[in-house]
Asks: 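Please see the structure below; I have some questions.
Residue numbers start from 1 in every chain, and the chains themselves are labelled A, B, ... in the order their sequence lines are given, proteins ahead of strands.
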There are 2 protein chains.
Amino acid sequence: MKRKKALTKAKIFKEAIKLADNYGIANLSMRKLAKKLNIEAMSLYNHLANKEELLDGIVDEVFSKIDWRTDTKSKSWKPELRKQAIAVRAVLLQHPWSIKLLNSRSNPGPSVLRHHNKVLGLLMSCGFSYSMCAHTYALIDSYVYGFVIQECSLPATRGCDFVEMTASINALSRQGFPYLTKMAEEYYLKPEYSFSDEFLFGLDLILNGVEQAFKH
Amino acid sequence: MKRKKALTKAKIFKEAIKLADNYGIANLSMRKLAKKLNIEAMSLYNHLANKEELLDGIVDEVFSKIDWRTDTKSKSWKPELRKQAIAVRAVLLQHPWSIKLLNSRSNPGPSVLRHHNKVLGLLMSCGFSYSMCAHTYALIDSYVYGFVIQECSLPATRGCDFVEMTASINALSRQGFPYLTKMAEEYYLKPEYSFSDEFLFGLDLILNGVEQAFKH
DNA sequence: ACCTGAACACCGTTCAAGT
DNA sequence: ACCTGAACACCGTTCAAGT
């Protein structure tokens with residue numbers, strides 16, 4: 001019999017992420033996770049206080065994947081902040097369940113805190129006042145999270161076939177939403193349209209606005 | 001024995017919202033809801049296909065409370081769009097559980113669709129192109145939802161006493177997050193600071209940016 | 001120090017049976 | 001047409017007992 005190596009939090013989190021990626025966060029239960037780890041559900045409680053700690057842990061694990069090198073002393077906050085926003089979106093999209101967990105957890109882990117510290121450090125060392133830091137960060141964060149949440153819960157419109165497309169357009173117009181109908185048939189449901197492509201428009205608009213506010 | 005009036009979806013949704021408001025969305029179960037309605041859990045399935053329909057229903061009910069009069073023919077989209085964003089935030093804050101449901105539901109109800117139709121109609125009748133409509137709406141929606149999500153999941157910092165405040169500052173600085181620590185002690189944790197006050201800064205920055213993009 | 005089995009108090013949902 | 005009781009297949013978590 002080969003002896004199993006001791007279980008660690010790291011291994012538990014890794015397996016939990018795999019489960020959530022493959023079967024959805026709704027199917028991540030302590031019992032199923034334990035089964036995957038070849039132990040009984042109750043054994044997990046030797047390593048974790050409760051499921052909360054598991055969820056906090058895997059969110060933080062996702063955040064730890066953000067590319068982490070930044071010249072905090074940089075004098076150009078704008079391209080750097082842009083890069084950070086893009087990076088956050090990228091890791092969240094890799095694990096679509098993570099965005100929903102992120103803002104329902106009240107105990108941010110070290111990687112989440114490290115990220116906040118990095119962004120605030122960037123702004124502060126570029127001469128942003130406390131209030132401009134707070135304004136800017138609230139704005140960028142809200143936008144990125146809000147955008148990714150919508151993106152992750154969008155029906156996979158790519159695979160949407162012509163029949164159900166016209167069906168949903170017809171349903172809309174029957175219920176009396178003329179503008180929405182028009183917009184859907186003339187724009188949203190065209191195969192060229194991709195919600196994801198909207199991300200940079202909003203991000204750059206926000207960054208330009210912050211720049212103007214910063215310069216007074 | 002007084003005869004109970006027939007149960008309707010409207011009554012079920014109303015009771016469900018009351019339950020979620022009072023005890024949190026986590027405590028809204030089919031069984032508890034049925035008990036409040038003085039019926040057995042299984043009877044709910046005579047009125048609803050499943051719990052999904054319940055959640056779709058109560059989200060839509062929340063959206064139906066948005067003030068709904070709008071002069072869609074208005075030539076000034078900016079104050080109107082601003083008012084809509086503020087109204088959406090207001091109703092979502094009244095039912096803090098609703099924001100999390102909103103973007104996990106894939107079947108938007110009539111009130112949600114009506115709202116989308118209204119905003120798109122406003123922009124379209126003010127001469128926005130399809131692509132500017134899509135850009136603008138994605139941006140505003142992302143911001144509002146992202147902001148409200150953060151707002152709803154913030155620890156009730158108002159009641160936070162001095163002891164735990166300094167404790168959390170110390171914890172931060174011990175872990176080595178100097179900027180975050182500084183920002184917390186010099187700004188975020190001061191009693192005058194309120195995250196909610198950040199909302200209008202971002203909203204107006206975005207609206208001004210859209211205005212510039214619209215004018216070319 | 002770690003794992004286990006049995007148990008508790010829950011879930012959503014189905015189904016056959018009642019009125 | 002609506003309601004019910006029993007049942008199924010799940011949850012997270014506790015606790016006393018094992019090694």
Side-chain angles (χ1 to χ4, degrees), chain A residues 1-61 97-98 100-101 104-107 109, chain B residues 1-61 97-98 100-101 104-107 109:
Chain A
M1 301 290 127
K2 60 177 168 185
R3 275 282 228 96
K4 288 283 294 183
K5 279 184 70 184
L7 209 51
T8 60
K9 280 190 192 187
K11 281 181 198 161
I12 295 175
F13 292 156
K14 206 178 150 194
E15 195 64 42
I17 288 174
K18 212 192 291 180
L19 259 176
D21 284 345
N22 291 338
Y23 306 103
I25 193 73
N27 280 303
L28 174 58
S29 70
M30 297 295 270
R31 295 168 113 110
K32 284 176 187 159
L33 176 56
K35 191 164 279 174
K36 280 276 179 191
L37 292 164
N38 290 313
I39 55 172
E40 299 298 315
M42 310 73 204
S43 307
L44 284 171
Y45 289 86
N46 286 306
H47 303 91
L48 305 169
N50 45 37
K51 195 177 179 182
E52 292 278 287
E53 193 183 340
L54 177 70
L55 298 180
D56 286 335
I58 62 178
V59 168
D60 206 63
E61 192 67 25
W97 43 267
S98 63
K100 267 167 209 161
L101 288 187
S104 46
R105 315 280 82 222
S106 40
N107 291 316
Chain B
M1 297 290 127
K2 61 177 164 185
R3 275 282 228 96
K4 287 284 295 183
K5 280 183 71 184
L7 211 49
T8 61
K9 281 191 191 186
K11 280 180 198 161
I12 295 176
F13 293 157
K14 206 176 149 195
E15 194 64 42
I17 288 175
K18 213 194 289 182
L19 259 175
D21 284 343
N22 291 338
Y23 306 103
I25 192 73
N27 279 304
L28 174 59
S29 70
M30 298 295 270
R31 296 168 113 108
K32 284 177 188 160
L33 175 57
K35 191 164 280 175
K36 280 276 179 190
L37 292 164
N38 290 311
I39 55 172
E40 299 300 312
M42 310 73 205
S43 307
L44 283 171
Y45 289 86
N46 286 305
H47 304 90
L48 305 170
N50 45 36
K51 194 177 181 180
E52 291 278 288
E53 194 184 339
L54 178 69
L55 298 180
D56 285 335
I58 62 177
V59 168
D60 206 63
E61 191 67 26
W97 42 266
S98 64
K100 269 169 207 160
L101 289 187
S104 46
R105 315 281 81 221
S106 39
N107 291 314

Asks: Looking at every non-hydrogen atom in both residues, tell me the closest pair between B/Tyr23 and B/Lys36 and how far apart they are.
Replies: OH-NZ, 4.2 Å
Asks: Please give me the minimum heavy-atom distance between A/Leu54 and A/Met30, naming the atom from each residue.
Replies: CD2-SD, 4.1 Å
Asks: Output the residues of residues 16-29 of chain B in contact with DNA chain D, where contact means a heavy atom of the residue under 4.0 Å from an atom of the strand; sort by number or write none.
Replies: none
Asks: Both distances under 3.5 Å, Watson-Crick or G-U wobble: on that basis, could you give the dot-bracket string for DNA chain C, with [ ] for crossing pairs and | for other-strand partners?
Replies: ||.|||||...|||||.||
Asks: Scan A/Met30 against the nucleic acid and name what it touches under 4.0 Å (heavy atoms): base, sugar-phosphate only, or nothing.
Replies: sugar-phosphate
Asks: Does B/Phe13 reach the side chain of B/Thr8, with side-chain heavy atoms less than 4.5 Å apart?
Replies: no
Asks: Want to settle it: does A/Leu44 or B/Lys32 sit nearer the 5' end of DNA chain C, counting the closest nucleotide to each?
Replies: A/Leu44
Asks: Compare all side-chain heavy atoms of B/Ile39 with those of B/Leu44 and state whether any distance is below 4.5 angstrom.
Replies: yes
Asks: Indicate the atoms forming the closest heavy-atom contact of B/Lys9 with B/Leu48, along with that distance.
Replies: CG-CD2, 4.3 Å
Asks: From the 5' end of DNA chain C to its 3' end, which nucleotides mark the outer limits of contact with chain A, defined by a 4.0 Å heavy-atom distance cut-off (strictly under)?
Replies: C/dC2 to C/dA7
Asks: Please check if the side chain of A/Asp56 supplies one atom and the backbone of A/Val59 the other of a donor-acceptor pair under 3.5 Å.
Replies: no
Asks: Just by modelled atom types, is the A/Ala6 backbone N or O under 3.5 Å from a matching donor or acceptor in the A/Lys11 side chain?
Replies: yes
Asks: Would you indicate whether the side-chain heavy atoms of B/Ile12 and B/His47 approach each other to under 4.5 Å?
Replies: yes
